[in-house]
Peer 1: 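Before I ask anything, here is the structure I am working with.
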Amino acid sequence: MKPITSKINSTGHLEIGGLDVIELAKKHGTSLYVMDVATIRSMANKYNTIKEIYPKTIIAYASKALSITALYQVLDEEGLFFDVVSDGELFTLLNAGVSPQKVFFHGNNKTNAEIEFALSKKIGCFMVDNLYEIERLQKIYERLDLRHKVEIMIRITPEIEAHTHDFIATGKRDSKFGILKEELLGAIDYIKTIPYIECRGLHVHIGSQIFDIKPFDVVVETLLDISLDIYTRKQILMKDISIGGGIGIRYTEADDPPDIENFVQGIAKHLKSYLKKINYPLEPTLILEPGRSLVANAGVTLYTVGNIKNIPESKTYAIVDGGMADNPRPITYGALYCADIANKMNEEKNKVYTIAGKFCESGDVLIKDSALPKIADGDILVVYVTGAYNYSMSSNYNRYRKPAMVFVEGGQDKLVLRRESLSDIIRNDVKV
Ligand code: LLP
C-alpha cells in the first residue's frame, strides 16, 4: 500500500525515498504529490518478469493513470511501451524523448486533429475502436499524401463481465468502447482493401481495479478463438493480442489484489497452453496495458491540516488544503483511502476524523472515518496510494491551483511538476 521505501525516522516522521516528508512539505509547499521512483521501477520489473516465460511480451503503460514528462522518461528507461489516448498525452510523451514507435494510440473518438498529429509522428499502432475511425484514418492519410505503412489493432467488445465499479467496467455488450464481435469480419474485409493499413491484431480491455484474475484467462481465450476464426475464414493472421489493463491494487487493508508476478506469469502460462490447445499457427506478441498497478502505490499526497470542526454529537472534521480537485476519486467513485499524520507516525491513533477538502461541495470528503492521533492545526496529513488517476483527473475547481509533484529516489528530490501560479490560473482568460 505504501511506497516500498517508506520508513519512520528517528523523529517519528514518515520518510519516503530516503527523505523526511515533512522537509519535503516545507521545501515544496502543500498540497504536494510525492512519487517514489523505486516503487515505480520495482513494479515495472515485476511486470517485466513475464518475459521469462513468454519473451514476446510488450508492457505498454496506460498513461492516462499519470501522464507527465518525467514518468515517461523513467518508464522508457525500464523498457516499457506506452498507451496514449489524446494528443496531449502523445505530446507529453514526445517531449520526454520517447520514440513514437513505442506508442499505441487508443480512444473511442479520436479527433481528426489527433489522428493527423499521430499519423504525422508515425506512431507505432492505432488501436481502432470503431468502424468510422478506419474511414477517417484513410481520409486523413490520403489527404496528407503519406507513404508509410500504418499499423492498427482492433478493439473488440468482448462481452465479458469484470466485477468492479460500473463506471470503470468496459467489457459489456452495451459499452461505448470497441467493435461488436459480429462486425469484426466485415471490418477485416474492409481493411484488406486498404494497401497501406495493416491489421496487427485484436485488443480487449474489460475494466479497471479488478481483483479476480480469471476474467483475464477468458480474455486470452476469447482473443485467440476470434483470431483463429479469422484465420480459418479469411486466411489472415492476427500477430498481436492485447489483453488491456485493469489489475486492481490495495487502497485499504480490505483490498486483496493479486500479486503482479503471479498474475503475469499465470497469464503467460495460460496463453502458451491455449495456443497449443487450439493449434494457433504462430506465437503472437502479447501486450499488457497496466496503468494503475504500475504507479498508484508509488504516490502519496501531503496536505496541511487547517481548520478543525468538532460537532459534539456527530463527527470531527479535519480540513486540508486540497481535496476533490487534486483527488476526485472519492467523490466520483466512492473510493476509499488511508492516511497518517506524517509528523506523528509513532503516536497512538485514538481519535476518529472525517478528512474533508476545502472545495465548495459537501461531498468533498477524502476519507470518512480515519483513525489518527490527535490533530493540531499545521500537522501534515499524508494520503497513500495517490499515484494513479489523481493528478491525471485533477481540476482547477474553485480556481484553485493544481499541486506540485516531486519524484524522490535515493535521498534526492526532483521537482517534476511545478505548482500552478496565480498567473497560470488566468493564462487563457481574455478580457472583454
Ligand atoms: N487500457 C485501456 C484501453 C484502458 O481503457 C485502461 C483504463 C487501461 C488500459 C488501464 O487500466 P488500469 O490498469 O489503470 O486499471 N479513472 C478510473 C479508472 C479508469 C480506467 C480507464 N481505462 C479510476 O480512477 O479508478
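One-based numbering, in listed order, for ligands and for the atoms of each.
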Peer 1: Would you tell me whether Y384 and N297 have side-chain atoms, one donor and one acceptor, within less than 3.5 Å of each other?
Peer 2: no

Peer 1: Which ligand 1 atoms are under 4.0 Å away from a heavy-atom of H203?
Peer 2: 3 (C)

Peer 1: Report yes or no: is the cationic atom of K102 (NZ for Lys, CZ for Arg) closer than 6.0 Å to the six-membered ring centre of F81, at no more than 45° off its axis?
Peer 2: yes

Peer 1: Looking only at heavy atoms, which two atoms of M345 and L14 are closest? And how far apart?
Peer 2: CG-N, 3.5 Å

Peer 1: Counting both backbone and side chain atoms, is some N or O of K64 under 3.5 Å from an N or O of ligand 1?
Peer 2: yes

Peer 1: Can a donor-acceptor pair be found between the side chains of D321 and S31 at a distance below 3.5 Å?
Peer 2: no

Peer 1: Regarding D429 and R399, does a basic nitrogen lie under 4.0 Å from an acidic carboxylate oxygen?
Peer 2: yes

Peer 1: Please state which part of H205 comes within less than 4.0 Å of ligand 1, counting heavy atoms only: side chain, backbone, both or neither.
Peer 2: side chain

Peer 1: Output the list of atoms in ligand 1 that are nearer than 4.0 Å to some heavy atom of M393, sorted by atom number.
Peer 2: 16 (N), 24 (O)

Peer 1: Out of curiosity, is P290 lining ligand 1, as in a heavy atom under 4.0 Å away?
Peer 2: yes

Peer 1: Looking at residues at least two apart in the chain, or sitting in another chain, which of them share a salt bridge (Lys or Arg N to Asp or Glu O under 4.0 Å) with E114?
Peer 2: none

Peer 1: Just jot down the salt bridge (Lys or Arg N to Asp or Glu O under 4.0 Å) partners of K239, sequence neighbours excluded, or say none.
Peer 2: E198

Peer 1: Before giving the answer on salt bridge (Lys or Arg N to Asp or Glu O under 4.0 Å), spell out for D87 and K110 the whole-Å C-alpha distance, their side-chain angles and the decisive distance to 0.1 Å.
Peer 2: CA-CA 9 Å; D87 52 3; K110 303 171 185 77; over 6 Å; no

Peer 1: Which option wins on minimum heavy-atom distance to atom 3 (C) of ligand 1: M127, R329, E289, R292?
Peer 2: E289

Peer 1: Can you name the atoms of ligand 1, numbered from 1 with element, that are less than 4.0 Å from a heavy atom of D83?
Peer 2: 1 (N)

Peer 1: Any idea which atoms of ligand 1 are less than 4.0 Å away from a heavy-atom of G246?
Peer 2: 11 (O), 12 (P), 13 (O), 15 (O)

Peer 1: Which atoms from ligand 1 have a heavy atom of H106 less than 4.0 Å away?
Peer 2: 3 (C)

Peer 1: So, is Y333 polar-close to ligand 1, with some N/O to N/O distance under 3.5 Å?
Peer 2: yes

Peer 1: Decide whether Y397 and E361 meet the rule of one side-chain donor and one side-chain acceptor closer than 3.5 Å.
Peer 2: yes

Peer 1: Check ligand 1 against R155 and write out every atom of the ligand that is under 4.0 Å from a heavy-atom position of the residue.
Peer 2: 3 (C)

Peer 1: Specify side chain, backbone, both or neither for F177, according to which of its non-hydrogen atoms lie closer than 4.0 Å to ligand 1.
Peer 2: neither

Peer 1: Against heavy atoms of A62, which atoms of ligand 1 measure under 4.0 Å?
Peer 2: 8 (C), 9 (C), 10 (C)

Peer 1: When you check the gap from the basic side-chain N to the acidic O, do K315 and D369 get nearer than 4.0 Å?
Peer 2: no

Peer 1: What atoms of ligand 1 come within less than 4.0 Å of a heavy atom belonging to G245?
Peer 2: 1 (N), 9 (C), 13 (O)

Peer 1: Determine, using heavy atoms of S293 and all atoms of ligand 1, whether some pair is separated by less than 4.0 Å.
Peer 2: no

